[in-house]
Q: 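Got a structure for you, written out below as structure tokens; questions coming shortly.
None of the values given here were measured: they were computed from a predicted structure. These values consider heavy atoms only, across backbone and side chains, with no hydrogens, waters or symmetry-generated copies. By convention in this document, chain letters (A, B, ...) are assigned in the order of the sequence lines, proteins followed by strands, and residues within each chain are numbered from 1.
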Amino acid sequence: MRRILVTSALPYSNGAIHLGHLLEHIQTDIWTRYQKLRGNECYYVCAEDTHGTATMLSARKQKISPEELVEQARIEHVEDFTAFGIQYDEYYTTHSSENEEIATLIYTKLQEQGTIFQRTIEQLYDPEEKCFLADRYVKGICPKCGAPDQPGDNCDACGATYSATDLLDPRSELSNAVPIIKTTTHYFFDLPQFEEFLKEWTTSGTVQTEVSNKLQEWLDGSLKPWDITRDAPYFGFRIPNSENKYFYVWLDAPIGYMASFKHWCNHSNIDFDDFWSKDSKCELHHFIGKDIINFHALFWPAVLNCAGFRTPSAVHVHGMVTVNGEKMSKSRGTFINATTFRKHFEPETLRYYYAARLSPTMADIDINFDDFVTRINSELVGKLVNIPSRCANFLRKSFNNILDSKLVDRTLFGEFAGVQPQIQDCYEQGNTRQVVRIVMGLADRVNQYLTEVAPWKLARIPGKEAEVLQICTLAINLYRTLCVYLKPIVPKLVERSEEFFGGTKLQWDDVNQPLLDHRLRDFTPLLQRIEMNQVEDMLNASKQTKSSTNEPSTTMIDITDFEKIDLRVAAVLEASLVKGADKLLELVLSIDGNKRTVFAGICEAYNPNDLVGRKVVVVANLKPRTMRFGVSEGMVLAAGPGGKDIFIVSPDDGAEEGMTVR
RNA sequence: GGCUACGUAGCUCAGUUGGUAAGAGCACAGCACUCAUAAUGCUGGGGUCGUUGGUUCAAAUCCAACCGUAGCUACCA
């Protein structure tokens, strides 16, 4: 039996869980569930990544302590992950005594090994807030192209890279003060000392070859010492024997893997050192995105090695999530939070879709929603769940739900069991795409078989009842095999199937032992089809989430952009509730005598009768939008986050309908 | 600019060490079936495997250049 510790990258406290986090945690969860199903001793730990300037500032803004912010985020994050079936053994926090202890211990070890040195550096400093500024907290005019409002590291407009001190008219994002240059002494980890070690480590099967190739770029003599210090004020752990110096968040974040596991050990009978000591025989697997390769495949193994701990057995790197072929974008509504997704879809559908796309490569994963809808409907519902559905009525009506005492066709059942080694390899390598392909191929076979033997025809012929029972017994057992194979991917769907089979949990070896002479429970639909308009609803909801935040937009538009919008005063002629809609009111507006029908999601905030006769402002040249309840020919302007807090914009007295608003 | 990947039917992808592999699913068209959540089965159209050269008896598969895409990195070779 293997002993395995698995981690996903720690989600940062200052932000909601989105589809990108979910890709990684679903991938990790599938792998972990597979290992457990195989009977391995496997633990899956994660935690909140809590430290850093962003958390500190965000807490300040909300007038709460960072600790409160972190705890609140932890609760929300766990809720999201749990909804998607992610089963951690421990989901802890980096702001813990365990983490501080281990971080301090590791730092001390690094020091003893002579890999920590001090260096005085110059950095921008906000004299009003009295704090040093990271590049992204400074904005100014690009020295190359003159674009305004550019961050301190590179220009979004022309792509130039520069240092924050080169910016023209630099301003602190925090106080708008002009930053000054100030010196400070920082502690550095002397990474170049580990070049040889890392060259060896990164080419010894610990990472995918494509990752290894990429890493050689950095390892080709271009490793630099790593600044592990941040100056106060900073939310984090103080560096021992220093004043006002804190560990950079990226030092203690990976250590959070250890701390989380330590916490878990303290509550169970597992020995921490078995897993982390230098000569550990256990496995350690990290799942991460390609954006943080350097932290996990350079800094982290070097630090562990230097501090006398074991290094990871493998770092599994996945690609980024794109939506409909593009980067997730808040304005397009494709920046989709976990909470939003699960309001509109059963989480299992995302698990399935990701699994169907994931491979051991670090290629980006695109969520194409057309593809998403058809895959769920045709593969999961149309093929897979269709199998028991095709048999259930025969079994219930004629056989009291009791399966036959033997299998009519051992070969087909044996064939299905025969692919198990192949499936195992795929899971082990993280090639769930292949698992799904194999399983769906088998599901096709069952449907073909059923069409061929046509139990519905036999059922009409007296004396053929036994054959019908044989056929259904085989089909149900083949379906059961597929359930075993898919259990790590869609655990809830399989759980519902287990209920149907009688309530016993499926085991990996069950593919060799058919269910016979056994009473099933009544069949109930296992998964609902989904529709394209659910996708549209979700994308709209994602846009609303964005506009309800209080962050002012950083995208500047010029006057010609603004002039494209034809804003008009309109009078409300009629207003009525829309049957079947939760939020919509149907408004008939008059603009200069022309009638328009406009749907507005303001039902919770306004009574239809109170609106009739009012003057409102509409976007008159908005493309007509076909909604489930009709065509909307414009948009009524309103302020507020939504729900009951919506406030319609009205012109002052004297404005007449049809007037242009500028 | 450099580096690392990738570019196969409308979409998502298989194609093992070069030799009947040009394939699957979805989508589309026709037929069949009616047990099933308008599900399923069969048949068919559709690709000069990014482009151009080269190696070879033989290339989607190896090599080179170019084009395109993505990411990393940078004006230092």
Q: In whole angstrom, what separates A:Leu223's CG from B:C72's P?
A: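 A:Leu223 atom CG is separated from B:C72 atom P by 18 Å.
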Q: Does a side-chain N or O of A:Arg357 approach OP1 or OP2 of B:C13 to a distance below 4.0 Å, or not?
A: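 True: A:Arg357 side-chain N/O within range (under 4.0 Å) of B:C13 OP1/OP2.
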Q: With C1' as the reference atom in both, quote the distance from B:A39 to B:C26 in angstrom, rounded to an integer.
A: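 Result for the C1' pair: 15 Å, nearest Å.
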Q: Are A:His186 and A:Phe117 close enough that their ring centers fall under 6.0 Å?
A: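 Distance test on ring centres: not under 6.0 Å, no.
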Q: Toward the 5' end of RNA chain B, which comes first, A:Cys391 or A:Arg437, by nearest nucleotide?
A: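 Here A:Arg437 is the residue nearer the 5' end.
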Q: May I ask which nucleotide in the shown strands pairs with B:A29, Watson-Crick or G-U wobble, both distances under 3.5 Å?
A: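 Result: B:U43.
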Q: Heavy-atom count check: over 12 atoms from other residues, nucleotides or ligands less than 6.0 Å from A:Glu531 CD?
A: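 For A:Glu531, atom CD is not crowded (no more than 12 foreign heavy atoms under 6.0 Å).
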Q: In whole Å, what separates the C1' atom of B:C67 from that of B:G30?
A: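 That atom pair is separated by 41 Å.
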Q: Side-chain N or O of A:Gln448 versus OP1/OP2 of B:U40: is the shortest distance under 4.0 Å?
A: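 A:Gln448 to B:U40 OP1/OP2: no side-chain N or O under 4.0 Å.
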Q: If pairing requires Watson-Crick or G-U wobble contacts with both distances under 3.5 Å, which nucleotide is the partner of B:A58?
A: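 In the structure as shown, B:A58 has no Watson-Crick or wobble partner.
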Q: What's the gap between B:G23 and B:G46 when it is taken at their C1' atoms, as a whole Å value?
A: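 Taking atom C1' in both B:G23 and B:G46, they lie 13 Å apart.
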Q: Expressed as a whole number of angstroms, how long is the span from A:Gln434:CD to B:G15:P?
A: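 From A:Gln434 CD to B:G15 P: 7 Å.
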Q: With the criterion being N/O to N/O and under 3.5 Å, what pairs connect the protein with nucleotides 26-34 of chain B, and how long is each?
A:
none

Q: Would you please confirm or rule out a distance under 4.0 Å between OP1 or OP2 of B:A36 and any side-chain N or O of A:Asn393?
A: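 Answer yes for this pair, as a side-chain N or O of A:Asn393 is under 4.0 Å from OP1 or OP2.
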Q: When the C1' atoms of B:A60 and B:C49 are compared, how many Å lie between them, rounded to an integer?
A: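 Their C1' atoms lie roughly 4 Å apart.
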Q: Is any side-chain heavy atom of A:Arg396 closer than 4.5 Å to one of A:Phe523?
A: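 A side-chain contact under 4.5 Å is absent here.
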Q: Side chains of residues 457-464 of chain A: which donor-acceptor partners sit under 3.5 Å, not counting sequence neighbours?
A:
unit_1, atom_1, unit_2, atom_2, d
A:Lys464, NZ, A:Glu467, OE2, 3.4

Q: Distance check, C1' atoms only: B:A22 and B:C63, in whole angstrom units.
A: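 Per the computed distance, 23 Å lies between those C1' atoms.
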Q: Residues in side chain to side chain contact (heavy atoms under 4.5 Å, CB included) with A:Ala417, at least two apart?
A: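 Partners of A:Ala417 by the side chain to side chain contact (heavy atoms under 4.5 Å, CB included) criterion, ordered by chain and then number, come out as A:Val511, A:Asn512.
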Q: Listed in order of residue number, which residues of residues 514-529 of chain A have a non-hydrogen atom at under 4.0 Å from RNA chain B?
A: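 The answer is A:Pro525, A:Leu526, A:Leu527, A:Arg529.
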Q: Run the numbers on A:Phe188 and A:Trp226 for ring pair (Phe, Tyr, Trp, His ring centres under 6.0 Å), then give the verdict.
A: CA-CA 5 Å; A:Phe188 285 76; A:Trp226 183 35; over 10 Å; no
Q: Using the P atom as the point on both nucleotides, what is the distance between B:U43 and B:A9, in whole Å?
A: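 The same atom, P, in both gives a distance of 23 Å.
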Q: Would you find a donor on one side and an acceptor on the other, under 3.5 Å apart, between the side chain of A:Gln27 and the backbone of A:His318?
A: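 Not at all, since once roles are kept as given, no pair shorter than 3.5 Å links the two residues.
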Q: Which part of the nucleic acid does A:Asn386 contact within heavy-atom distance under 4.0 Å: base, sugar-phosphate only, or nothing?
A: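 Base, at least one base heavy atom under 4.0 Å.
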Q: Please report the distance separating the C1' of B:C66 from the corresponding atom of B:A21, rounded so that it comes out in whole Å.
A: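 Their C1' atoms lie roughly 28 Å apart.
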Q: With a 3.5 Å distance limit and no angle check, can you tell me whether A:Asp252 reaches the backbone of A:Ile255 through a side-chain donor-acceptor pair?
A: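 Answer holds: no.
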Q: Which whole number of Å gives the distance between the P atom of B:G2 and that of B:A64?
A: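 Taking atom P in both B:G2 and B:A64, they lie 15 Å apart.
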Q: Strictly by Watson-Crick or wobble contacts shorter than 3.5 Å, is anything paired with B:U4, and which nucleotide is it?
A: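 Its partner is B:A70.
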Q: Give none if B:C35 has no partner; otherwise give the nucleotide forming a Watson-Crick or G-U wobble pair with it, both distances under 3.5 Å.
A: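 Partner of B:C35: none.
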Q: Taking atom P of B:C6 as reference, at what distance in whole Å does atom CE of A:Met320 sit?
A: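 Computing the A:Met320:CE to B:C6:P distance gives 18 Å.
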Q: Donor-acceptor pair, distance only, cut-off 3.5 Å: does the side chain of A:Arg445 make one with the backbone of A:Met440?
A: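 Answer holds: no.
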Q: Both distances under 3.5 Å, Watson-Crick or G-U wobble: report the partner of B:U20, or none.
A: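 Pairing partner, where one exists within any strand: none, as none qualifies.
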Q: In terms of side-chain geometry, is the basic nitrogen of A:Asp517 or A:Lys406 positioned less than 4.0 Å from the acidic oxygen of its partner?
A: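 No salt bridge links A:Asp517 with A:Lys406.
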Q: Identify whether NZ of Lys or CZ of Arg in A:Arg230 sits under 6.0 Å from the centre of the six-membered ring of A:Tyr248 and within 45° of that ring's axis.
A: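 Yes; both conditions hold, so A:Arg230 lies above the ring face of A:Tyr248.
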Q: Shorter than 3.5 Å, N or O on both sides, protein versus nucleotides 69-71 of chain B: list them out with atom names.
A:
unit_1, atom_1, unit_2, atom_2, d
B:G71, OP1, A:Lys327, NZ, 3.3

Q: Counting Watson-Crick and G-U wobble pairs only, both distances under 3.5 Å, name the nucleotide matched with B:G53, or none.
A: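 Across any shown strand, B:G53 pairs with B:C63.
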Q: Need to verify one output field. Residue with the more 5' nearest nucleotide on RNA chain B, A:Ala356 or A:Val381?
A: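 Counting from the 5' end, the first nearest nucleotide belongs to A:Ala356.
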Q: Do the side chains of A:Val439 and A:Ile423 get nearer than 4.5 Å, heavy atoms only?
A: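 Yes, close enough: below the 4.5 Å cut-off.
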Q: List for me each residue that meets salt bridge (charged side-chain N to carboxylate O under 4.0 Å, His left out) alongside A:Arg410, sequence neighbours excluded, and say none if there are none.
A: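 Testing A:Arg410 for salt bridge (charged side-chain N to carboxylate O under 4.0 Å, His left out), a comparison that skips the adjacent residues, returns none.
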